[in-house]
Amino acid sequence: MNFIIKTHQEDTIYNKPHLFLLNKGMNSGKPQKEPFINSFVIIFENELTAKIFLIAYSFGKSNSGTSI
């Protein structure tokens with residue numbers, strides 16, 4: 001699986017499957033289908049986005065606020 005992770009730039013349109021992850025604050029790592037201010041965009045080559053979205057969402061929900 002190939003993907004690209006970039007800092008999201010406002011008003012950018014992505015033609016390939018993608019998702020956004022919040023990169024700062026208490027909800028960092030939270031996936032979203034719409035962009036946030038302060039978010040990364042992960043751009044995929046194919047439609048595995050839905051599965052990756054659920055995995056990222058699970059990681060975000062399991063964050064208890066403690067460091068590893």
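Note that the coordinates shown come from a computational prediction; the quantities given were computed from them, not determined experimentally. Just so you know, these numbers use all the heavy atoms, side chains as well, and skip hydrogens, waters and symmetry mates.
Separation of atoms NE2 (H18) and CD1 (I13) is listed at 10.0 Å; rounding is to 0.5 Å. Interatomic distance, N23 CG to N38 CG, rounded to the nearest 0.5 Å: 5.5 Å. Interatomic distance, CZ of F36 versus CG of L22, reported as 5.0 Å (0.5 Å rounding). Annotation: the span from S39 atom OG to E34 atom CD amounts to 10.5 Å, rounded to 0.5 Å.
Under the salt bridge (Lys or Arg N to Asp or Glu O under 4.0 Å) criterion, the residue pairs touching residues 7-27 are K16-E45, with sequence neighbours excluded.
Between F20 and H8, the angle of the ring planes goes over 60°, which puts this pair in the perpendicular group of the 30/60° scheme.
Take K6 and apply the salt bridge (Lys or Arg N to Asp or Glu O under 4.0 Å) test, not counting sequence neighbours, and it matches no residue. Q32 meets the side chain to side chain donor-acceptor pair (under 3.5 Å) test with no other residue; sequence neighbours excluded. Checked against side chain to side chain contact (heavy atoms under 4.5 Å, CB included), I37 has no partners two or more places apart in sequence or in another chain.
Hydrophobic clustering, with ILVMFWY side chains joined whenever heavy atoms are under 4.5 angstrom apart, keeps V41 apart from I5.
With contacts defined as side-chain heavy-atom distances shorter than 4.5 Å, the pair F3/I43 does not qualify. Side-chain contact check for F44 versus L19: some heavy-atom pair is nearer than 4.5 Å.
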